[in-house]
Structures are given as structure tokens and as C-alpha cells.
Amino acid sequence: MSETSIRVRFAPSPTGMFHVGGARSALFNWALAQQQTDGRFVLRIEDTDAARNRPEWTDGIVRALSWLGISAEDPHFEGPYFQSAYAGKHRETAEALYEAGRAYYCDCTRDAVVERRGNEFRGYDGFCRDRGLEPGPGRALRFRVPEGGPTVVDDRIRGRVEFDHAAIEDFVIARGDGSPLFVLANVVDDVEMGVNEVIRGEEHLSNTPKQQLLWEALGHTPPVWAHLPVIVNEKRQKLSKRRDKVALESYQEEGYLAEAMVNYLMLLGWAPGDDREIMPWAQMVPLFDIAGVNSSSAFFDEKKLRAFNGEYIRALSAEEFAERCRPWLEGPDAPWAAEDYDPEAFRAIAPLAQSRIAVLSEIVPNVDFLFLAEPVFDEKSWNKAMKPGIGAEMLTAAAERFADEKQEWEAEALKAALEEIGTAQGLKLGKAQAPVRVAVTGRTVGLPLFESLELLGRERTVRRLRAALERLAADGAGAPAE
RNA sequence: GCCCCCAUCGUCUAGUGGCCUAGGACGCCGCCCUUUCAAGGCGGUAACGCCGGUUCGAAUCCGGUUGGGGGUACCA
């Protein structure tokens, strides 16, 4: 058996988005290439449209793949190649097909075809098949689909798929201006690059017989095909850039780890066989089997992705976790001033946050109270915690106790102190800590309180307790007592 | 309309004629742990679309049906 030479193609896009479906295709291809010592993963940028030819768009593709672990650092990676560089070969091939009688020129407009066919468009009618038109401006080149028999596509995921030639119109392979179409350029490039395996989305299944016909007309053996089921949204429709969150970059920005994304994507349509799901890439590669991929469409379930991401985050070492959080803490989007950020304090509190966040960006609301001059008050939290008879009483007692230099400033001691204050008010610790938590961090939920206070320090803690008390007094002045 | 694909818990899947009283994971619910929230532990909820065959036996094979989806460009 020959070595796998698979090709992955991406069209550059002005939005710069890299679709998660494309990511999954790339990953499946990558796994297959890595399975074999000389397996090639050929990246081709399909930029035939002059309008699509912008280097920065290509960078986005390369960067996205690289994030997933697919890059030239690995010897299986080849490219990127640019389709536009092969335009000459495409035209040559188109002409050769015409010379050989496998294609003919056609000057029909779509309207003319529709008119001939009575009402609506149902494919080209073969009007120019035998008119013997010479090449000329405005004349498209159509492939002459053989009359008899079906073309059988042997798909590694779906098995035999038959397409009757009667149902395949004589498709255009070069435009009136001579420029080649995707269907032709693709085949020519694949022949040129020695591609013998093509794994792509199901949306390409219907033009596969056309491409296979082209391969044969060119005197080559078609590659082995595999058409992946589409990835769908909750409404079971193909993920669309307009409606759905499909950009790999947006997941990256939210703080999904590449490892988790890769793991999740690999499991969309495929399973290792045992009951394991969380599995590093290196272990998946030898197990991956394209024939074992499910043929039905798969829903992209962000909830499950989140769960995977949480697992991966928790598996990180403390140092690694802190390191991975840096972009959200030290980047331009951090809500505090750079000089107020204290990496030392973050390192101390990070382990407490690690099991509490599922995506990295969530680190910010968990630790912002440490770096902001004032906590960000969540109104609901405030109203819930500052109930009459609890709020002011707890805050007053805590402020007084904490301000006392005799109060040891250490988590355990602070806990004991607050517990004592709570008991005096007839409150369990769970209730007693709430007003303090909200006064200091702004929210009812968050990191363990006493460690947080220890890190915040006596001065800032007491100041916040008093500030909350003042606000309470101001709010309560006009409010009816219950 | 025409061509093609698909069909197991809400979701991702295991399952390739008996091991299935259908397994795992996410989600959801409950309990435990607990300073809030997580994490963790324990338990629970929930599926073979339908109708016919084939067979001693069908989630697994065949036909039909219904329902989804993809494609139908001088786009890629």
C-alpha cells in the first residue's frame, strides 16, 4: 500500500474565521498522516478567486492550524501551496481536455437554458454538445459526461455511492474568460501533488463523481475518498457563520485550551472504542480509523466542550495554569491598570481558582477584587447578602474585629473570628460570611473567602467593609425597615 | 422539483445476529462533603423513529415508510 498523501484545502476568507468543521477535517487528516512514517499532510490555499488572494487571510489559516498542533514543525506537514500558482497548468489541462474531445465549448446563457427547458432551471441540457464551437470569448468549457453507466464513488465512510451519469450535467470546467473552476483546479492540483486520499466535508460528496470523472479523463487513478458528516447546530442545520459560533478563534479567545478543543473535535463522529473520552492527541493518533467515523451529522455541543476544557484546566500544574491565564490578566483587555496587577498575589490565589473555572477568561471575575480599587458590585448579590438584620450587623462587627491589630491576619484565624461573630448573631458561617464576601469581592460566589482576605490584607479589607457599611446607611435611610 | 446522504438516551457515542434487563460521557435531578461557588464521591432520569420481512433469535441483515440533512452556479 502506498503512503498516504492527503491534502487539506482551505479558501482564505475576509472574515479571517477558521471554521470548527474545517478544524475537525484537518485533525482527521493530520491523524492519518501521522500514522504513517512518510504520510504527508498537504496544505493548499485555494485562492483562485483574485478577490480571495490576501496574504493576511492565509496567515489566519496557518495560525489556526498551528494552534491545533498542525504546523511545519512536524515533518508530516507540507505547504502551504497556493492554487493561484498553478493557474497555467489548469489552463493547459482544460485545453488538453478540449483537444481530446472530452470537453466542448458552450455559449449558452443560463436564461437560454431555462427558456429551452420550459420553466425552471434543472441543469444544463447539453445544447452545445455537438455544435463543435471553437474556443472564444464568453464561451465556457464544459466537460462531456460519458453517456452510459454510473460513476461509483467508493467512500471509506459511506461505502459505495452510485451516481447515474444521466443525473450529472455537463459541468463547466473553465469560464468564458478561460479561468478554471474549482472542480478542475482541484483535480489538477491533486494529481500534481500526488494526493491519494481526500477527506473532506459531506457537502462535497455530490461533486465527487465529477472530480472522479476528471481524474479518469486525465488518465489517473482517483484518490480514496472519505466524506465527513456535517457539523450541525441545535436545529440540526449545518453550522453557519452567520447564525452560529463557528470561529475557532472565538473559542480560543474565550480561553478554551487547544488540547481540549482537539480532543473534543476528534470525538465528534468518532470514538476510540473503549469508554475513554479524555485522551491526549498522541494516544488518539494510532487508534484513529477513518472507516470508523460515524456517517450521521453531529451536533457541536459547547456544554460538553466546556466540560472537557474544565478537565484539561484541572489537569494543568499550578505553574502551567498561572502561565496560561496570563493573556487575560496581563493583556490589554484586563479590567485593571497594568501597574495594579500583582503577579505574586495571583500566583498565590491561582490554585483556588483552578478548579472553579471552565474557560480561562473566567479567571478575571474570580480575581478582579484583588487588583481593582473597588470591587465590582453585582446588584443581585448585594441585595441578597445585605438583608436587614444581617448585613449591617455582620459588617459592623467584622470591621471592628478585623481592624483590631490583635486579630491575626491569616486564613484560619480569620475564619475562626468570623465564625465567632456569626455565632454571636445566631448565624452559621454560611450565612455569616455572605455580607463580608459581597462587601469585599462584590459577589456572593467566588473563591474561598478567608484566603482571599488574607491576600487582600487588613487595610483594604477593613476599608471595603466600612465602605459597604456607608452605602448601606445611605441606601437604608429612605427604605422602610421590615 | 431532481440527485445524494443519514436515523441508538436531550447531546456525543459503544454496539457489526445471541454477551443488551442496550454500556460510557456531557447535560439534568437528588444525596454526601462544604465558609459561597466549584471540584470530588455516591445515586438517579433518559434511547434502538415507524411498518413489514429474513432468522430459532434482530439495535444489529433486507424492503418500505416517515423524518432530518447536504447538493443542485461560468462559488469554493
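Because only heavy atoms are used, hydrogens play no part in the values below, and waters and symmetry mates are left out as well, while side chains stay in. Every chain is numbered from 1, with letters handed out A, B, ... down the list of sequences.
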Hey, could you give me the [atom1]/[atom2] distance between [X] and [Y], rounded to the nearest 0.5 Å?
X        : Y        : atom1 : atom2 : result
A/Phe321 : A/Ile313 : CZ    : CD1   : 6.0 Å
A/Ile363 : A/Trp328 : CD1   : CH2   : 10.5 Å
A/Arg306 : A/Glu311 : CZ    : CD    : 13.5 Å
A/Ile390 : A/Lys384 : CD1   : NZ    : 11.5 Å
A/Thr441 : A/Phe369 : OG1   : CZ    : 6.5 Å

Quiz item: Just wondering, are more than 12 heavy atoms of other shown residues or ligands nearer than 6.0 Å to CD in A/Glu234?
Solution: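 Yes, the 6.0 Å shell around CD holds more than 12 heavy atoms from other groups.
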Practice problem: Evaluate whether atom CD of A/Glu147 has more than 12 neighbouring non-hydrogen atoms of other residues, nucleotides or ligands under 6.0 angstrom away. | Solution: no
Using atom [atom1] of [X] as one end and atom [atom2] of [N] as the other, report the distance to the nearest whole Å.
X        : N     : atom1 : atom2 : value
A/Lys210 : B/C3  : NZ    : C1'   : 10 Å
A/Ile173 : B/C75 : CD1   : P     : 14 Å
A/Glu202 : B/G68 : CD    : C1'   : 11 Å
A/Ile168 : B/G71 : CD1   : C1'   : 12 Å
A/Glu311 : B/C26 : CD    : P     : 7 Å

Quiz prompt | Assigned partner base of B/G43, Watson-Crick or wobble definition, under 3.5 Å | solution = B/C29
Exercise. Using both distances under 3.5 Å as the test, list the Watson-Crick or G-U wobble partner of B/G67, or none.
Key: B/C6
Inter-nucleotide [atom1] distance ([N], [M]), Å rounded:
N     : M     : atom1 : result
B/G71 : B/A39 : P     : 39 Å
B/G41 : B/C50 : C1'   : 42 Å
B/G10 : B/C5  : C1'   : 24 Å
B/G23 : B/A14 : P     : 15 Å
B/C37 : B/C32 : P     : 13 Å
B/C4  : B/A25 : P     : 41 Å
B/U21 : B/A7  : C1'   : 24 Å
B/U11 : B/A46 : P     : 16 Å

Exercise. Could you tell me how the ring of A/Phe288 sits relative to the ring of A/Phe28: parallel (under 30°), tilted (30 to 60°) or perpendicular (over 60°)?
Key: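 Correct class here is tilted.
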Practice problem: Determine the interplanar angle of the A/Tyr251 and A/Phe300 rings, folded into 0 to 90°, and report it as parallel if under 30°, tilted if 30 to 60°, perpendicular if over 60°. | Solution: tilted
To the side chain of [X], which of [options] is closest?
X        : options             : answer
A/Gln433 : B/G10, B/C5, B/U36  : B/U36
A/Glu203 : B/C4, B/A7, B/G71   : B/G71
A/Glu451 : B/A38, B/C75, B/U35 : B/U35
A/Leu449 : B/G70, B/A7, B/U35  : B/U35
A/Arg437 : B/C4, B/G70, B/U35  : B/U35
A/Gln237 : B/U36, B/G69, B/A25 : B/G69
A/Arg314 : B/C26, B/G40, B/A73 : B/G40
A/Ser206 : B/A76, B/A38, B/G71 : B/G71
A/Arg158 : B/A76, B/C6, B/C4   : B/C6
A/Ala307 : B/C74, B/U35, B/C26 : B/C26

Practice problem: Find which nucleotide of RNA chain B each of A/Pro180 and A/Lys303 is nearest to by heavy atoms, and output the residue with the more 5' nucleotide. | Solution: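 Closest to the 5' end, via its nearest nucleotide, is A/Lys303.
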Quiz prompt | Position toward the 5' end of RNA chain B (nearest nucleotide), A/Glu162 or A/Thr444 | solution = A/Glu162
Using a cutoff of under 3.5 Å, can you pull out all pairs of nitrogen or oxygen atoms linking the protein to nucleotides 44-49 of chain B, with atom names and distances?
none

Indicate whether OP1 or OP2 belonging to [N] is found under 4.0 Å from a side-chain N or O atom of [X].
X        : N     : value
A/Lys415 : B/U35 : yes
A/Arg276 : B/A25 : no
A/Arg236 : B/G70 : no
A/Lys235 : B/G68 : no
A/Arg356 : B/U36 : no
A/Arg110 : B/A73 : yes

Practice problem: May I ask whether A/His204 stacks on the base of B/G71, given the cut-offs of 5.5 Å between ring centres and 30° between planes? | Solution: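 One would not call A/His204 stacked on the B/G71 base.
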At under 4.0 Å between heavy atoms, what does [X] touch on the DNA or RNA strands: base, sugar-phosphate, or nothing?
X        : value
A/Leu447 : base
A/Arg142 : sugar-phosphate
A/Lys238 : sugar-phosphate
A/Phe182 : base
A/Tyr264 : nothing

Self-check item: Salt bridge present between A/Arg102 and A/Glu216 (N-O < 4.0 angstrom)
Solution: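 Here A/Arg102 does not pair with A/Glu216 in a salt bridge, since their nearest N and O are not under 4.0 Å apart.
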Quiz item: Is A/Arg160 salt-bridged to A/Asp155, going by a charged N under 4.0 Å from an acidic O?
Solution: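 Looking at A/Asp155 together with A/Arg160, the answer is no, because their closest N to O distance does not fall below 4.0 Å.
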Scan nucleotides 13-20 of chain B against the protein and return all N/O pairs shorter than 3.5 Å with their distances rounded to 0.1 Å.
residue, atom, partner, partner atom, Å
B/U13, OP1, A/Gly269, N, 2.6
B/A14, OP2, A/Asn294, OD1, 3.1

Self-check item: Residues A/Arg44 and A/Asn186: side-chain donor-acceptor under 3.5 angstrom
Solution: yes
Practice problem: Please report the C-alpha distance between A/Val438 and A/Arg443 in whole Å, then the side-chain angles of each, then the deciding distance to 0.1 Å, and finally whether the side chain to side chain contact (heavy atoms under 4.5 Å, CB included) criterion is met. | Solution: CA-CA 5 Å; A/Val438 172; A/Arg443 304 180 183 86; 6.0 Å; no
